[in-house]
Every structure is written in structure tokens, then in C-alpha cells.
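Quick notes on the structure that follows.
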Amino acid sequence: MRNCKRRRENDPGEDGLTSTREEAGPGGAKAAGFDPKLIEPYIVKDPQALTLNVAKALENLGKAASTWLGPRERGEVVDPVSEPMAEMVKTMSKVSEYWMSDPKRTLEAQTQLLAGLFGMWTQTLSRFSSEGEAQPPPPIKDKRFADEDWQRNPFFDFLRQAYVILSDWAEKMVTQAEGLDEHTRHKAEFYVRQITAALSPTNFVITNPQLYRETVSSHGANLVKGMQMLAEDIAADGGELRIRQTDTSKFKVGENMAVTPGKVIAQSEICEVIQYEAATDTVLKRPLLICPPWINKFYILDLNPQKSFIKWCVDQGHTVFVISWVNPDERHANKDWESYIREGVDFALDTIEKATGETEVNAIGYCVGGTLLAAALALHAQEGNKRIASATLFTTQVDFTYAGDLKVFVDEGQIGSIEDRMKASGYLDGSKMAAAFNMLRASELIWPYFVNNYLKGQDPMPFDLLYWNSDSTRMAAANHSFYLRNCYLSNTLSQGKMELAGKTLSLKDIKIPIYNLATREDHIAPAKSVFVGSKLFGGPVEYVLSGSGHIAGVVNPPDKQKYQYWTNGAVKGTYEDWVAGAKETPGSWWPHWQRWIEAMDDERVPARIPGGGALNAIADAPGSYVLARV
């Protein structure tokens, strides 16, 4: 009692004593940087309700499994999963072999990992130490760990730090492994990123604080809904799982997407040609032809009136023609690159001449559509065909040396496997390419939707861009094989070795002006790759670098005042030097491109009508080819 009395005399009061203990006293809760109230949202309040809902969730999971297994047992679906898995195991075994073949290297690898884990443990002890005030943890830049409890709650903070350390260690095991060829190292780095993205603690209920809290607060109702959605998604895709990224019921092509007025005025086996109605009294004399990628549908450039590049071009006085590629099936198996040039690009040029009487056009190619256009221009140069007076390339590669992570999927063995699969059907299913593109950004395009849909049980929000992304197209067997082998595998176009129509193509033969647009964060056509390719053309090239990525950097209307673009004159030196000296301009690059077009030829003529009186309209835009879904 005497000791207690002395303590009260020395302390400012009972509240002061409590405050002192919490801030610095041994065993005090806040001295450890931890508030016991933080665990309250994680305590199960109704075990019976949770148990019942978990049982319902497991029942729905069983339905999903049956839906997935059924088509496989009946032989309706054959999974080529073993091929990519075997490729991954083979690649990663080469990395493991380096570290395991020498005891010293094995010890070094273990030491690196343990050093990171011990460092984390030391930091954790320091943070919860009673000596002095706890230092605030550094901010987390990874959006996956945005929830406050990834730092506030010791359990989840430990999981997060351990995950980061293990992920960094795994990546170092690849980068520090010696004796790997460049392609194997690239594949190993890619596979490690896929593995670490999949194993993130954010992807599991027990190890994600937000998921854990939602499961407790809803008594597991989120899992019941999520497993039901999983079963529905597998059933909707005939036994395959295609994770829904948006509410597809809110969109319909031709009704609230791809609605710029126009007419289909010509049709071949592989494309429809759309001419859009004029919106100005006069139009530029040179028509504008857009050659989109066949890997996706053209209406990325006509999502809605506010975002439509096509509508904007019409409003600037262009007579716009667009190639709408067919969604190929077994009938198109033998359609190759020459077919796509002759029955696509050249067919569209013939159509434009009939509809307008013009023999000179400005052309745009987007992504692989731009690569095809570049090959067509090199072929035209040898044939004396001068109908394309200028070309604009959106995120287009003609040199695939720096083609990025898509090269992971391309080597002789993998291409051979793809070709074997295409022989059976005559085409590559569009979902395969969509999955490959999603894997390039798995932490953004796969796992957040997996968590939101199947673990949170939330319906995805409507988003026009993601609807377009889910509207897949097939690839004709001959066309896709030619593309993979000549571009990604052998890089023949950049070397002057691509053979088409009995001729060997050279980009140096292309003397017309080129506007070459790259996007700074592009993961499909990296900006450096586009820059290097710019040096291969024989005429003047205007290289422009836009902010954002492969889609948003292109589809960037001026009135949004988003992003920026960079210019820096002639394409010379290294990409890094060009960027360092480039001039940044806020906003969209669209007006800059329009000035470039008009600087070459700004002559105008009275507005034209679709078909020009020479061709009858086959259908209203956007036509029928774009409506075919896979």
C-alpha cells in the first residue's frame, strides 16, 4: 500500500498514470503500437450463421467444380494446361539448378532470404518496443495493400512484409542466376511474377483483412454469393472460367457502343468497309482509312460519342472509312497476311476510290493492324502502288527486339503447340489471347476481379472499356501463325526478310510521312520498341509519346484534359536520350495529329455521302461482322 501511495504522489493522477503506461510502459497496449479494439471486427459474432453460409458456399463451389469437370469428362473440352505448366516447370528448374548445384550458392540463397526475414523481425520488434515512441511505418505504394490494417494490425502487417520479402527474394534468384540465355531468363522472370501475384495474401479470405472483416460481418454471405457467381461464370463459358470484369448487360454494340452514324458499303470474306456520315459542310479531300487490329474489334475507337476517335475525326472534317474484320472460323483457316492485305487493306482502298473518286488517302493502323499496314506499305512500294499518301501508326511495332513480355509465349516449341491446336479448328480461340494479355498485368486485370467477384461476392461495375476487352475475336490459323513466326520469333520485317506475294519486303522502301504514336506505359507495344522501329522507315517519321498505356493513351479525347504527350523532333539516338530532351504538352495528342495531317494537305471539298452514289449501303454501321461473339 505504501508503494502504491508513493506512486500516486509522484504521478499527476490516475489518468496520467494510464497515459504513461500506454505510451511507454512495459506491456502497455499502445506501447506495442497495437490497439486491442483492432481485433473486434475479426471476432465471429454468430458462429452458427457463419457455419451455415460456409456450407452453402461449399455447395456452390461443388456446383462450379461439376460444371467445370462435366465438359471434360464428356470430351467436349480439352485442356492444354499441361503445356504451359510443363513450360513453366522446365524454365524454373533451370533457375533452381543453378542455385542447387553448388552448396555455396545454396547457402548464399538461403542467407539472402533469412537476412530479409530477420531484418523484418528486427523492424517489427523495434516498432513494438517500449523504448521511446514507435516510428510510423513507411507508406505502402502497392494498391493491393491499401487497407489500413495491412499496417495497423500486427498479424496482417507481418504477412504483408513476409510476402514482399519472399517475392523480392524469388525475383533476385532469377536475376542473379548465371548461365541462363536471355529468353529463358525473361520467361523465368515472367513466371515468378505470375506465381507471386497468385500467392499474394490479398487473394485469400484468411490473409486479407478486408475479406476477413466482410466475411465475419456478413456471416459468410459474401462467399455464398461469390461461389454462385463462380459457377455461373464457368457455365456461361461452356466449362471454361472467364472472369467477368464488367456488367456486360449494360452494353450493346450498335445501341450504346459503336453508334457513330455510317454505312457498310462493301464486304469481303474477311472484312466489311464502313464509311461514316459527314458532320461538316466541307471535308478534307484526302479520305481517312483506319486499319484496326483483328485481335480485338474496331469499336475501341468508337466506344461512345464522348470517347470516340472516329466521331472526333468526322467532326474535324475527315471522310472516315474503317475496316471491320470478320470474326474468323474454320472457313478462314488459310487466310494469311497476304489475304488480309489484299482482301482487307487493298479491298478498302478500292472501295474508297469507288466511293469518293480519290486515289490518295491518309491511313491509320492500330497495334497489329499497324504492323499489317506497314507490311502493306512496303509491298505497295515495290508494286508502285501510291494510294496511301501518309500513314499514322498507333502503338505499332515493326521491330520486335524489345517487344516485352508477350515474347515469353513465343519460341519454336510453344508456337508449334499453338499451330497443332489451330489445325483442329482452323483458328485460335479469342479467349487464349485475352488470357495472355491479362497475364501481362495479372495484379490489375486478374486477381482484383477474382477477389471482388468470388470472395467478396460483388457484381462488377459497368465499364465500356472492359466490355470491349471481353468481346474477344478468334485468329485465323494461317494469319496468326505468320504473325507469330515472322514478327515475334524471327523479327523478319525489321531485318528486310519478310516475304509476301513473292517479294522480300523492306521498310526502307516506305518514303511517305509517318506519324508514329507510342504510349509511355504500354505493356503490349513498349514505347522503346516503337521508337527503335521508327528508325527503319525510309521517309520522315514524327515520333510522339503519349501518357498512359496501350488503350487510354490512344483513346484520349481533348476535352477530358487527361495525360500528356511528348515531342522531340527527329528520331535519333537512344530512346532514353530522346525522352530526356522531349517537350511535354498537357492533354491529348489528337489536335497535334490533326495539325500534322493538315500541314501535308488541307484542301477541302463538299461533304460526301456514304457510297458516293456509286456503292449501295449494305447495312447501317457498325455492320454485322463486329456483332459475332465467341
Side-chain angles (χ1 to χ4, degrees), residues 22-24 26-43 92 95-96 99 106-177 188-216 441-452 455-456:
E22 286 183 344
E23 290 176 3
K30 289 188 178 178
F34 176 67
D35 186 347
K37 292 181 179 179
L38 293 177
I39 67 170
E40 289 183 8
Y42 301 94
I43 298 175
M92 299 310 298
V95 178
S96 300
W99 291 104
T106 304
L107 180 61
E108 179 186 347
Q110 294 173 343
T111 301
Q112 287 189 34
L113 177 59
L114 291 174
L117 293 174
F118 281 135
M120 176 193 69
W121 184 253
T122 302
Q123 290 177 2
T124 302
L125 290 178
S126 175
R127 176 180 170 187
F128 299 126
S129 171
S130 62
E131 297 177 3
E133 295 184 5
Q135 295 296 318
I140 301 173
K141 297 180 181 180
D142 192 329
K143 291 186 292 186
R144 293 175 296 176
F145 301 105
D147 190 278
E148 289 183 351
D149 274 8
W150 283 114
Q151 284 188 319
R152 290 192 310 176
N153 188 298
F155 172 72
F156 295 111
D157 183 50
F158 177 84
L159 287 176
R160 176 187 62 81
Q161 291 191 65
Y163 168 74
V164 171
I165 289 170
L166 287 167
S167 299
D168 290 345
W169 174 78
E171 290 180 7
K172 288 178 181 178
M173 291 300 97
V174 175
T175 57
Q176 295 176 6
E189 291 172 345
F190 179 79
Y191 291 141
V192 164
R193 288 199 300 273
Q194 299 306 308
I195 294 169
T196 56
L199 295 179
S200 169
T202 57
N203 299 336
F204 304 93
V205 172
I206 300 299
T207 56
N208 182 326
Q210 186 181 20
L211 288 176
Y212 201 127
R213 293 196 305 268
E214 290 187 17
T215 301
V216 170
R441 295 165 59 194
S443 293
E444 298 173 40
L445 295 177
I446 296 178
W447 296 110
Y449 296 99
F450 175 87
V451 170
N452 288 335
L455 300 183
K456 290 184 181 179

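In this chain, residues are counted from 1 in sequence order.
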task = Considering only NZ, NE, NH1 and NH2 on the basic side and carboxylate oxygens on the acidic side, decide whether Asp142 and Arg160 come within less than 4.0 Å.
result = no

How many angstroms lie between atom [atom1] of [X] and atom [atom2] of [Y], to the nearest 0.5 angstrom?
X: Ile39; Y: Asn153; atom1: CD1; atom2: CG; value: 8.5 Å
X: Gln112; Y: Met173; atom1: CD; atom2: CE; value: 4.0 Å
X: Ile140; Y: Asp157; atom1: CD1; atom2: CG; value: 7.0 Å

query = Taking C-beta and beyond as the side chain, do Asn203 and Asn208 meet within less than 4.5 Å on heavy atoms?
reply = no

task = Evaluate the side-chain proximity of Asp149 to Arg213: yes if any heavy-atom separation is below 4.5 Å, no if none is.
result = yes

task = Compute the ring centroids of Phe118 and Trp121, then answer whether they are less than 6.0 Å apart.
result = no

inquiry  = For the aromatic rings, using the six-membered ring if either is Trp, is the centroid distance between Tyr212 and Phe155 under 6.0 Å?
reply    = no

query = Mind checking whether Trp150 and Phe145 have parallel, tilted or perpendicular rings, split at 30° and 60°?
reply = perpendicular

query = Is Trp169 reaching over with its side chain to a backbone N or O of Gly116, donor-acceptor style, under 3.5 angstrom?
reply = no

task = Say whether, by atom type as modelled, one donor and one acceptor occur between the side chain of Thr175 and the main chain of Lys172 under 3.5 angstrom.
result = yes

ask   = When you look at CZ of Phe204, are more than 12 heavy atoms from neighbouring residues, nucleotides or ligands closer to it than 6.0 Å?
value = yes

inquiry  = Tell me which one of Asp168, Thr202, Thr196 satisfies side chain to side chain contact (heavy atoms under 4.5 Å, CB included) with Tyr163.
reply    = Thr196

inquiry  = If you apply the rule side chain to side chain contact (heavy atoms under 4.5 Å, CB included), what do you find for Leu211 with Lys456, and how did you get there?
reply    = CA-CA 7 Å; Leu211 288 176; Lys456 290 184 181 179; 3.4 Å; yes

